[in-house]
S.K.: 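First the structure, which I've put down as structure tokens, then a few questions once you've had a look.
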Amino acid sequence: MKVERNKWQNNFSEWYNELIETAGIQDKRYPVKGMNIWLPYGLKIMRNIEKFIHEEMERTGHQEVLFPALIPETEFQKEAEHIAGFEGEVFWVTHAGHDPLDVRLILRPTSETAMYSMFALWIRSHADLPFKIYQIVNVYRYETKHTRPLIRVREISRFFEAHTAHDSFEDAERQIKEDLEIFDNLAKKLALPYIVSKRPEWDKFPGAYYSLGAEVIMPDGRTLQIGTMHNYKQNFAKAYNIMYEKEDGTHEYVHQTTYGMSERLLAAVIAVHGDDRGMVLPPTIAPIQVVIVPIPKKDSPYDVFTYAREIAEELKTAGIRVHVDERDIRPGRKFYDWELKGVPLRIEVGPRDVEGQKAVLARRDTLEKFTVERAELVEKVRETLDAIMENLYARAKEFLDSHIKRVDTLEEAKEVFEDRRGVVEIPWCGEESCGLEMEEILDAKMLGIPYPEEEAKIEGKKCAHCGKEARFIARFARTY
RNA sequence: GGGGCCGUGGGGUAGCUUGGUCCAUCCUCUCGGCCUGGGGCGCCGGAGACCCGGGUUCAAAUCCCGGCGGCCCCA
């Protein structure tokens with residue numbers, strides 16, 4: 001058995017859309033465009049991802065809250081850039097019953113404008129800072145482009161947003177560093193290698209001083225943003241009058257940051273680790289880490305079902321999420337089913353194994369099969385799950401690295417986009433006009449410059465477009 | 001914002017140009033039964049569809065109008 005990734009890479013859109021339904025992640029047939037139904041299996045995986053998010057929030061002293069989904073128009077309009085960035089894509093609530101509302105309400109596209117009037121009430125003193133909260137809720141955006149399950153939707157149903165307030169720009173910067181560390185820990189749990197870019201001025205979050213974006217590269221070479229961090233400086237604090245009293249008795253506006261993620265994390269896991277047979281889930285988040293498939297044989301004196309249940313009990317005791325598939329269908333069919341659903345490890349037990357007190361292990365990532373002694377089963381399963389985790393990361397890292405190419409000219413950049421695509425890194429003078437024109441020429445978006453910025457600085461190169469001295473490396477990609 | 005294409009069982013489709021042979025084809029899924037079991041086996045039987053509204057006509061899945069929904073391209 002060999003790992004094939006032809007459709008995965010060459011016909012990714014179709015692969016992805018089919019998988020979302022056949023693997024039981026979501027049902028897209030709900031009669032509102034861009035709003036899908038979470039199916040039990042998909043939701044379990046997402047919950048497992050969120051478990052790690054909650055752990056990281058706990059570790060770093062963020063408190064969980066829940067804000068209402070409706071925001072009065074009057075609050076929404078307080079920060080000028082913010083409203084300009086979102087007004088074209090919000091859902092309005094204009095009526096209650098038969099009567100028009102005096103103050104219209106919006107369905108939150110993100111929660112800054114819901115939270116910050118409350119921040120102004122809650123934050124009084126320097127002793128209240130840093131103030132760190134988060135929530136995981138649904139938010140709504142009227143997307144006009146092509147919607148895709150988990151990736152571009154009108155209802156983001158698992159929107160994570162952390163909001164913080166600080167007594168200084170420096171402390172807000174420290175928060176951004178912490179956010180990046182949180183992201184790195186999470187990405188490791190998902191075996192996802194990624195890149196971080198500082199967004200160009202024209203593409204930062206509406207109202208932000210600057211924005212960072214974390215991206216993965218999808219099988220078709222387009223990038224997917226799966227995490228963002230913004231430093232707002234005092235932009236929102238001034239609009240919402242969020243002030244604190246300093247030790248010397250004077251008052252000052254707070255500095256703020258936000259950090260966002262969503263079910264795109266799941267999309268990235270599905271896309272990055274998959275192959276032609278379906279999903280391959282990292283053991284860390286797989287609802288079923290090990291599936292046991294009994295292989296009965298007629299007239300055999302051995303009871304494979306009892307043996308399978310005994311093994312399952314052993315693994316369960318060892319803390320492994322295990323399932324015995326006792327359905328009355330052929331084993332081959334079960335193999336395909338569980339491979340589609342991405343169960344990282346399969347154990348086959350037939351009469352031969354019962355007789356010899358053994359079991360056959362089949363890895364989902366490499367499709368290798370091998371026999372182990374029952375006495376060492378738990379240990380071997382643990383080892384193999386760890387090995388799968390490492391292999392998934394290594395394979396994904398190799399894909400990522402081989403899809404980032406540094407070039408000096410636009411011609412070379414164009415070739416990259418025509419060929420295997422991915423991310424192109426190219427010298428840039430730093431001028432907005434030049435950046436926008438390069439986007440046009442390459443038919444790609446500027447992700448920004450590598451972050452931390454020291455990695456973006458270059459010397460002795462010319463801007464690929466205007467020929468002036470280049471100040472930065474700029475990253476371009478076709479994006480989702 | 002502009003242009004183009006398309007809506008047929010749960011999923012994927014044939015039929016539409018030239019209206020009648022369509023109580024609508026095939027694959028898949030699903031249900032019942034038999035058989036089987038270390039990679040989707042086979043056989044028998046069953047269930048399930050023309051997006052909505054209006055029009056033309058003796059007759060509409062097919063032609064026309066409107067609505068709703070989906071997809072693609074361009075800005």
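Side chains are part of it too, since the values below use all heavy atoms of this structure and drop only hydrogens, waters and symmetry mates. None of these values were measured; they are calculated from a predicted model.
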S.K.: What is the distance from atom CG of A:L385 to atom CD1 of A:I320, rounded to the nearest 0.5 Å?
M.R.: 6.0 Å
S.K.: Base, sugar-phosphate, or nothing: which does A:E14 touch, judged by heavy atoms less than 4.0 Å apart?
M.R.: nothing
S.K.: In terms of side-chain heavy atoms of A:E339, which of B:C71, B:G39, B:G38 is nearest?
M.R.: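 Side chain of A:E339 sits closest to B:G39.
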S.K.: The side chain of A:R29 is closest to which nucleotide in this list: B:G38, B:G39, B:G10?
M.R.: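 Closest nucleotide to the A:R29 side chain: B:G10.
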S.K.: Would you measure the distance from the P atom in B:U62 across to the matching atom in B:G54 and give it in whole Å?
M.R.: 14 Å
S.K.: Which nucleotide, if any, forms a Watson-Crick or G-U wobble pair with B:U18, using both distances under 3.5 Å?
M.R.: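 With both distances under 3.5 Å required, B:U18 matches none.
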S.K.: Can you figure out which of B:U36, B:C71, B:G39 approaches the side chain of A:Y336 most closely?
M.R.: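 When the side chain of A:Y336 is considered, B:G39 is the closest of B:U36, B:C71, B:G39.
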S.K.: For residues A:I388 and A:P344, report the shortest heavy-atom separation together with the two atoms involved.
M.R.: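 Answer, listing the atom of A:I388 first, then A:P344: CD1-O, 3.3 Å.
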S.K.: Phosphate oxygens OP1/OP2 of B:U36: is one of them under 4.0 Å from a side-chain N or O of A:K298?
M.R.: yes
S.K.: When rounded to the nearest Å, what value does the distance between P atoms of B:C52 and B:G11 take?
M.R.: 15 Å
S.K.: Flag as yes if A:F335 stacks onto the base of B:G39 (centroids under 5.5 Å, planes under 30°), otherwise no.
M.R.: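 One would not call A:F335 stacked on the B:G39 base.
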S.K.: Ignoring hydrogens and geometry, is there a side-chain-to-backbone donor-acceptor pair from A:E79 to A:E81 under 3.5 Å?
M.R.: yes
S.K.: Answer yes or no: does a side-chain N or O of A:R330 lie under 4.0 Å from OP1 or OP2 of B:U36?
M.R.: no
S.K.: What's A:D443 touching, base or sugar-phosphate or nothing? Going by heavy atoms closer than 4.0 Å.
M.R.: nothing
S.K.: I'd like the P distance from B:G40 over to B:U28, given in whole Å.
M.R.: 15 Å
S.K.: Starting from P on B:G39, measure out to NZ on A:K2 and report it in whole angstrom.
M.R.: 19 Å
S.K.: Please classify the nucleic acid contact of A:V360 as base, sugar-phosphate, or nothing, using heavy-atom distances under 4.0 Å.
M.R.: base
S.K.: Separation of A:W338 atom CH2 from B:G39 atom P, in whole Å?
M.R.: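 Going from A:W338 (CH2) to B:G39 (P), I get 19 Å.
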S.K.: B:G40 C1' sits how many Å from A:L340 CG, rounded?
M.R.: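 In whole Å, B:G40 C1' lies 12 Å from A:L340 CG.
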S.K.: Could you tell me how far apart A:E18 (CD) and B:C29 (P) are, to the nearest whole angstrom?
M.R.: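 Checked: the CD to P distance equals 14 Å.
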S.K.: With P as the reference atom in both, quote the distance from B:G37 to B:G45 in angstrom, rounded to an integer.
M.R.: 24 Å
S.K.: Roughly, in whole Å, what's the span from CG in A:D303 to P in B:G37?
M.R.: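 Spelled out: CG on A:D303 to P on B:G37 is 17 Å.
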S.K.: With P as the reference atom in both, quote the distance from B:G10 to B:U25 in angstrom, rounded to an integer.
M.R.: 15 Å
S.K.: Assign A:K369 to base, sugar-phosphate, or nothing according to its heavy-atom contacts below 4.0 angstrom with the strands shown.
M.R.: base
S.K.: Could you check which nucleotide pairs with B:A60 in any of the strands shown, counting Watson-Crick or G-U wobble with both distances under 3.5 Å?
M.R.: none
S.K.: To the nearest Å, give me how far apart NZ (A:K297) and P (B:C35) are.
M.R.: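 It works out to 18 Å between those atoms.
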S.K.: Show your working on side chain to side chain contact (heavy atoms under 4.5 Å, CB included) between A:R199 and A:Q225 and close with a plain yes or no.
M.R.: CA-CA 11 Å; A:R199 295 275 183 261; A:Q225 172 185 296; 2.7 Å; yes
S.K.: Taking only N and O in the side chain of A:K28, is any of them less than 4.0 Å away from OP1 or OP2 of B:G70?
M.R.: no
S.K.: What's the gap between B:U18 and B:C72 when it is taken at their P atoms, as a whole Å value?
M.R.: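 About 30 Å, rounded to a whole number of Å.
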S.K.: Pick the closest RNA chain B nucleotide for A:R148 and for A:A359 by heavy atoms, then say which residue is nearer the 5' end.
M.R.: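 Nearer the 5' end of the strand: A:A359.
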S.K.: Please tell me which of A:R352 and A:G34 maps to the more 5' nucleotide of RNA chain B, matching each residue to the nucleotide holding its nearest heavy atom.
M.R.: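 Whichever sits nearer the 5' end wins; that is A:R352.
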S.K.: With rounding to the nearest 0.5 Å, note down the distance linking CG in A:L39 to NZ in A:K44.
M.R.: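 A:L39 atom CG to A:K44 atom NZ measures 12.0 Å (nearest 0.5 Å).
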S.K.: Is it the case that the base of B:G39 and the side chain of A:E348 share a donor-acceptor contact (distance under 3.5 Å, atom types as modelled)?
M.R.: no
S.K.: Counting heavy atoms from C-beta on, name the nucleotide in B:G38, B:G37, B:C71 closest to the side chain of A:T147.
M.R.: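 Within the option list, the nearest is B:C71.
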S.K.: Just by distance, do the side chain of A:W8 and the backbone of A:A271 share a donor-acceptor pair under 3.5 Å?
M.R.: yes
S.K.: Quote, to the nearest angstrom, the C1' distance that separates B:A49 from B:C73.
M.R.: 31 Å
S.K.: If I take atom CE in residue A:M35 and atom C1' in nucleotide B:G69, what distance separates them, rounded to the nearest angstrom?
M.R.: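 Those two atoms, CE and C1', are 15 Å apart.
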S.K.: Just by distance, do the side chain of A:K7 and the backbone of A:N11 share a donor-acceptor pair under 3.5 Å?
M.R.: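 The answer is no, because no donor-acceptor pair under 3.5 Å joins these two groups.
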S.K.: Hey, is the side chain of A:R346 pairing donor to acceptor with the base of B:G39 inside 3.5 Å?
M.R.: yes
S.K.: Tell which nucleotide pairs with B:A24, taking only Watson-Crick or G-U wobble pairs whose two distances are both under 3.5 angstrom.
M.R.: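 WC or wobble partner does not exist here.
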S.K.: Taking the same atom, P, in B:G12 and in B:G3, what whole-Å distance lies between them?
M.R.: 29 Å
S.K.: Going through the distances and angles, do A:V381 and A:L315 end up as a side chain to side chain contact (heavy atoms under 4.5 Å, CB included)?
M.R.: CA-CA 8 Å; A:V381 166; A:L315 292 169; 3.9 Å; yes
S.K.: Roughly, in whole Å, what's the span from CD1 in A:I329 to C1' in B:G42?
M.R.: 16 Å
S.K.: Whom does B:C5 pair with, Watson-Crick or G-U wobble, provided both distances fall under 3.5 Å?
M.R.: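 B:G70 is the nucleotide pairing with B:C5.
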